[in-house]
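In this chain, residues are counted from 1 in sequence order. Only this structure's heavy atoms are used, side chains among them; waters, hydrogens and symmetry mates stay out. Quick caveat: nothing in here was measured; it's all calculated off a predicted structure.
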Amino acid sequence: MDRRFLAVVGVFDLLIAVALALLGALAHPLSVARFALFAAAGVLLVVAGLRESVALGSTTLRWHVVAGAGYVCFGLAVLANGLSSVFDPRGDPYFGGLFVLLLAPVMLFMGVDYLRGGVHFDLSTFE
């Protein structure tokens with residue numbers, strides 16, 4: 001698999017963030033958290049897909065660390081999205097809760113594994 005696919009996923013996350021900003025009211029703290037986390041995930045995944053490493057002060061972060069942080073942000077955004085649908089009286093708590101139950105742990109697990117250097121996922125297939 002090509003690592004540039006991460007940039008495509010990041011653009012998708014940025015489109016979600018733009019849609020949340022344009023269509024959703026950013027008055028509620030969970031709405032702001034959703035927007036910020038989707039935007040951060042998008043930027044991090046685009047950078048991980050396009051760059052081999054990123055200099056952050058005196059340290060250099062390899063692409064998988066940046067991608068791991070992006071996946072963690074994406075998992076937290078899905079968690080915030082599910083929580084907002086569970087607590088919203090107009091929302092559907094079953095769909096939101098099921099979505100969070102299935103997707104958020106997977107994204108968080110992938111993110112933590114990428115941060116650790118690919119203990120369970122073979123990162124060499126991306127290089």
Check: Arg3 side chain, Arg51 main-chain N or O, donor-acceptor pair, under 3.5 Å | yes
Can you find a heavy atom in the side chain of Leu108 that is under 4.5 Å from one in the side chain of Val72?
-> yes
Using a 4.5 Å cut-off on heavy atoms from C-beta on, say whether the side chain of Tyr71 contacts that of Val112.
-> no
Closest non-hydrogen atom pair between Ala17 and Ala39, with its separation | CB-N, 3.7 Å
One should read off an interatomic distance between Glu52 CD and Thr60 OG1, to the nearest 0.5 angstrom, of 11.5 Å
Please report the closest heavy-atom contact between Ala77 and Leu37, naming both atoms and the distance.
-> CB-CB, 3.5 Å
How far does CG of Asp13 sit from CZ of Phe74, to the nearest 0.5 angstrom?
-> 5.0 Å
Measure across Ala7 and Val46 and return the closest heavy-atom pair with its distance rounded to 0.1 Å.
-> O-CG2, 3.6 Å
Residue pair Ala104 / Gly75: nearest heavy atoms and the distance that separates them | CB-O, 3.8 Å
Least distance between heavy atoms, Leu44 atom then Cys73 atom | CD1-SG, 4.1 Å
How close do Phe35 and Ala21 get, heavy atom to heavy atom, and via which atoms?
-> CE1-CB, 3.7 Å
